[in-house]
Novice: 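Okay, here's the structure, questions in a sec.
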Amino acid sequence: MKSEPAEFSIDDLAARPGQIEHWDGVRNYQARNMIRDQMKVGDGLLFYHSNCATPGIVGQAEICREAYPDFTAFDPGHPHYDAASSLESPRWLMVDVRFVRKFRRTITLAELKERPELAGLALIRRGNRLSVMPVTAAQWRFILSLE
DNA sequence: GCCAACGTTGGC
DNA sequence: GCCAACGTTGGC
């Protein structure tokens, strides 16, 4: 799962009460469907810092609440407001995530790209800008071994 | 700041 | 349904 560290970093997550935060702001249908259909309590996730000096994977968290309406879409004053989403028929969903650990170092995007074992990783496939992407068990293990 | 690679919008 | 215009993402 991607986040711009200037907006919300892994350190921000670690500093939250209970080290839990709702993952709001996903406004892409493909990403929403993954949130809705695939994320289960206890699933691990890799926390990726995007749009920053050193983009890369910085740590690990886990899903602690399954999909529910993204309430930031209901607030006209919120940057993620969407008039087409309502309490009765919510268009956008989010999960809650819990901090697990921060890596000793950032596993950089450049490094991920040069590893043949990760050639199929959704994150590095051309043009993939989704904020939420799947990781296979083998990719997961390999990425953790890089730390 | 540039620009590729998207996704969305809306006229037709 | 097509597609041009536009907006966004995000690496570099």
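Quick note on labels: first sequence line is chain A, next is B, and so on, each numbered from 1.
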Novice: Rounding to an integer number of Å, can you tell me how far A/Arg125 CZ sits from C/dG11 C1'?
Specialist: 18 Å

Novice: Would you say C/dG11 has OP1 or OP2 under 4.0 Å from some side-chain N or O of A/Tyr48?
Specialist: yes

Novice: Tell me the interatomic distance from A/Ile124, atom CD1, to C/dC12, atom C1', rounded to whole angstroms.
Specialist: 17 Å

Novice: Does A/Lys2 make a side-chain N or O approach to OP1 or OP2 of C/dT9 shorter than 4.0 Å?
Specialist: no

Novice: Could you tell me whether A/Arg32 and A/Asp70 have a side-chain N and a carboxylate O separated by less than 4.0 Å?
Specialist: no

Novice: Can you classify the ring geometry of A/His49 versus A/Phe47 as parallel (below 30°), tilted (30 to 60°) or perpendicular (above 60°)?
Specialist: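 Rings of A/His49 and A/Phe47: perpendicular, as their planes differ by over 60°.
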
Novice: Rounded to whole Å, how long is the line connecting atom CE of A/Met1 with atom C1' of C/dT9?
Specialist: 17 Å

Novice: Take the protein atom CG of A/Leu112 and the nucleotide atom P of C/dC12, then report the distance between them rounded to whole Å.
Specialist: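 After rounding, the gap between these two atoms is 11 Å.
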
Novice: Testing the 3.5 Å rule here: is there a donor-acceptor pair between the side chains of A/Thr72 and A/Arg27?
Specialist: yes

Novice: Specify the separation, in whole Å, of atom CG of A/Leu123 and atom P of C/dT9.
Specialist: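 That distance rounds to 16 Å.
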
Novice: Is the distance between the ring centroids of A/Trp92 and A/Phe74 less than 6.0 Å?
Specialist: no

Novice: Between A/Ser9 and A/Asp11, is there a donor-acceptor pair closer than 3.5 Å when you use the side chain of the first and the backbone of the second?
Specialist: yes

Novice: Could you check how far CG of A/Asn51 sits from P of B/dC2, rounded to whole Å?
Specialist: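 Distance, rounded to whole Å: 16 Å.
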
Novice: How long is the line joining CD of A/Glu4 and C1' of C/dT9, in whole Å?
Specialist: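 To the nearest whole Å, that distance equals 8 Å.
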
Novice: When the side chains of residues 137-147 of chain A are checked against the rest of the protein, which donor-acceptor pairs come out under 3.5 Å, sequence neighbours left out?
Specialist:
unit_1   : atom_1 : unit_2   : atom_2 : d
A/Gln139 : OE1    : A/Thr136 : N      : 2.9
A/Gln139 : OE1    : A/Thr136 : OG1    : 3.3
A/Ser145 : OG     : A/Phe142 : O      : 2.6
A/Glu147 : OE1    : A/Arg101 : NH1    : 2.9
A/Glu147 : OE1    : A/Arg101 : NH2    : 2.9
A/Glu147 : OE2    : A/Arg101 : NH1    : 3.4
A/Glu147 : OE2    : A/Arg104 : N      : 2.8

Novice: Considering only nitrogen or oxygen atoms on both sides, find all protein atoms under 3.5 Å from nucleotides 5-8 of chain C and state each distance.
Specialist:
unit_1 : atom_1 : unit_2   : atom_2 : d
C/dT8  : O2     : A/Arg129 : NH1    : 2.8

